[in-house]
J.: 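Submitted below is the structure of interest, expressed as structure tokens.
If you're wondering where the values come from, they're calculated on a predicted model, not measured in any experiment. In listed order, ligands and their atoms are each counted from 1.
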Amino acid sequence: MALYAAAASVLAGVENRQGSIKGLVYSSSFQNVKQLYALVCETQRYSAVLDAVIASAGLLRSEKKLRPHLAKVLVYELLLGKGFRGGGGRWKPLLGRHQARLKAELARLKVHRGVSRNEDLLDVGTKSESVSQVPRFVRVNTLKTCSDDVVDYFKRQGFSYQGRASSLDDLRALKGKHFLLDPLLPELLVFPAQTDLHEHPLYRAGHFILQDKASCLPAMLLAPPPGSHVIDACAAPGNKTSHLAALMKNQGKIFAFDLDAKRLAFMATLLARAGVSCCELAEKDFLAVSPSDPRYRQVHYILLDPSCSGSGMLTRQLEEPGAGTPSKERLCALAGFQQRALCHALSFPSLQRLVYSTCSLCQEENEEVVRDALQQNPGAFRLVPVLPSWPHRGLGTFPGAEHCLRASPETTLTGGFFIAVIERVEVPSSVSQAEALAPDLTPSPAPKRKKRR
Ligand code: SAM
């Protein structure tokens, strides 16, 4: 096996917890173990930097056949290592096409972190630094107020409004009492990271919700129009439910399920505070909700945000490296449930569009769950290519996985997140509603159904 392929395979094995770097290097068939070991260790050391550069350069989006681990090794060699050893073979021209952009993104990262040497990007605090730089996102609750009124309130309190941001760099540069409108999401205000608004009167009155930007994407991408019937399968504590209700202008019906009575009680309080009136809460196992129940006959939209390892949560990422990493057994149990829940959701007969999301970074809970569910329903559903400008895409583990979205502090200035938008294939119009949403995010009308015979 060639050096780069061997290094990529070891990196993938480490990520999938198949063994340590040393163990996997020695059990590989690559002869020069010393060379392989050094390359893997160095690539791994710069992993977060490489992820950020690859994502912002859009490398995996342009080179669909390039697997993420191999990309990481090659970009390490190109930007940080010794250059392509032995000429680089067929990878050299491929990477050559992206060389200028990759170099520019690395330079930008250094400017942003205020460092001049590559090694300085490796500060022990880098991870926690990027986590602590995630801004404070404020979702205006349109059931109770509007962005203009909230902006005016903050201005009267001495904050300075800078208008709509044009890029993530504007968000990164936020300081002091300045705030912005997010460049992508309507009704999402952005404040500097350390801004604490938990005691703010508008928060206490439910006029805004403190919700990470990545966690606002599922409801926005599901985009149920007013009047629709929606299932929120694993709903508590209900931030996404209240977002759905706001998008639906409290018209229609949200059937919200959760197993946990305490979380549901908390959710009921939050929904009341947010002025949500179109939601029916039920303490129920979603897997036991019957798709043939006539109450769900008109359910065209499902949001599935199941229990997950939470490995992308900012608080977990701040812990000791590895402390928040789930064991293989736990991952397997979680993925099993997620898989069953997704297949169950896809069995609702009137379903047109579904959003699957987790706050996990693990491939087993994300791309693999989606891939398996699609394989179990061959030809019936497809992944919708949403938000083409979003820089961090699904890991290229199966064809179409790049249509999924990933999020992280380094690449999108948010918590770690995964989102897949799935749509029934029989939608008659040539362009799907969710795709139509992608460039401008205008809420769409309900998808048209084929007439049932
Ligand atoms: N969507 C929520 C929000 O945005 O606030 C967060 C959901 S949380 C990630 C997952 C939820 O799924 C937990 O509240 C958990 O109690 C619930 N859950 C786990 N298994 C379930 C099941 N079989 N049926 C319904 N809810 C379940």
Side-chain angles (χ1 to χ4, degrees), residues 137-139 141 185 188 203 206 208-222 224 230-248 254-274 276 279-291 293 296 299 301-316 324 326 330-348 354-362 365-366 369 373 407 414-421:
F137 291 102
V138 166
R139 175 170 65 77
N141 178 13
L185 279 90
L188 191 68
Y203 172 65
F208 64 72
I209 283 99
L210 298 172
Q211 188 171 356
D212 184 57
K213 174 173 167 173
S215 138
C216 294
L217 291 174
M220 188 195 81
L221 291 170
L222 191 64
V230 181
I231 284 181
D232 190 348
C234 296
N239 277 341
K240 297 183 191 74
T241 322
S242 81
H243 193 186
L244 288 169
L247 295 168
M248 292 160 65
I254 303 174
F255 301 97
F257 303 104
D258 205 283
L259 272 180
D260 188 317
K262 275 199 191 137
R263 285 168 71 93
L264 272 177
F266 182 58
M267 174 167 175
T269 313
L270 288 189
L271 292 189
R273 186 160 86 181
V276 173
C279 180
E280 234 177 60
L281 281 185
E283 184 185 333
K284 202 161 176 178
D285 180 351
F286 172 61
L287 296 176
V289 176
S290 168
D293 186 322
Y296 312 125
V299 169
Y301 301 88
I302 296 185
L303 180 70
L304 176 61
D305 183 45
S307 294
C308 70
S309 63
S311 55
M313 286 167 69
L314 294 175
T315 44
R316 301 257 167 102
R330 181 162 150 70
L331 260 188
C332 194
L334 284 166
F337 164 66
Q338 292 152 353
Q339 169 78 60
R340 284 197 300 284
L342 181 51
C343 286
H344 186 62
L346 294 178
S347 73
F348 280 72
L354 175 146
V355 170
Y356 174 80
S357 60
T358 72
C359 54
S360 163
L361 301 172
C362 305
E365 299 181 88
N366 297 327
V369 169
T414 65
F417 223 78
F418 173 86
I419 299 156
V421 182

J.: Tabulated below should be the N or O atoms of ligand 1 paired with protein N or O atoms at under 3.5 Å; can you produce that?
T.:
from	atom 1	to	atom 2	distance (Å)
ligand 1	1 (N)	Cys234	O	3.2
ligand 1	1 (N)	Asp305	OD2	2.8
ligand 1	4 (O)	Lys240	N	3.4
ligand 1	4 (O)	Lys240	NZ	2.9
ligand 1	5 (O)	Pro237	N	3.4
ligand 1	5 (O)	Gly238	N	2.9
ligand 1	5 (O)	Asn239	N	3.2
ligand 1	14 (O)	Ala236	O	3.2
ligand 1	14 (O)	Asp258	OD1	3.3
ligand 1	14 (O)	Asp258	OD2	2.7
ligand 1	14 (O)	Arg263	NE	2.6
ligand 1	14 (O)	Arg263	NH2	3.2
ligand 1	16 (O)	Asp258	OD1	2.6
ligand 1	23 (N)	Asp285	OD1	2.8
ligand 1	24 (N)	Phe286	N	2.9
ligand 1	26 (N)	Leu259	N	3.4

J.: Could you verify whether a donor N or O on one side chain and an acceptor N or O on the other, from Arg139 and Ser242, lie under 3.5 Å apart?
T.: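 Result is yes, a qualifying pair exists.
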J.: Would you say Ser311's side chain and Leu361's backbone share a donor-acceptor pair under 3.5 angstrom?
T.: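 Yes, Ser311 side chain to Leu361 backbone: donor-acceptor pair under 3.5 Å.
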J.: Once you measure the plane-to-plane angle for Phe286 and Phe348, does it fall in the parallel (<30°), tilted (30-60°) or perpendicular (>60°) bin?
T.: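 Phe286 and Phe348: parallel rings.
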J.: How far does CD1 of Ile209 sit from NE2 of His243, to the nearest 0.5 angstrom?
T.: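 So the gap between those two atoms works out to 9.0 Å.
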J.: On a heavy-atom basis, which atom in Phe337 and which in Pro306 lie closest, and how many Å separate them?
T.: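 Closest heavy-atom pair between Phe337 and Pro306: CE2-CB, 3.7 Å.
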J.: Between the main-chain N or O of Ser307 and the side-chain N or O of Gln338, is there a donor-acceptor pair closer than 3.5 Å?
T.: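 A pair under 3.5 Å: yes.
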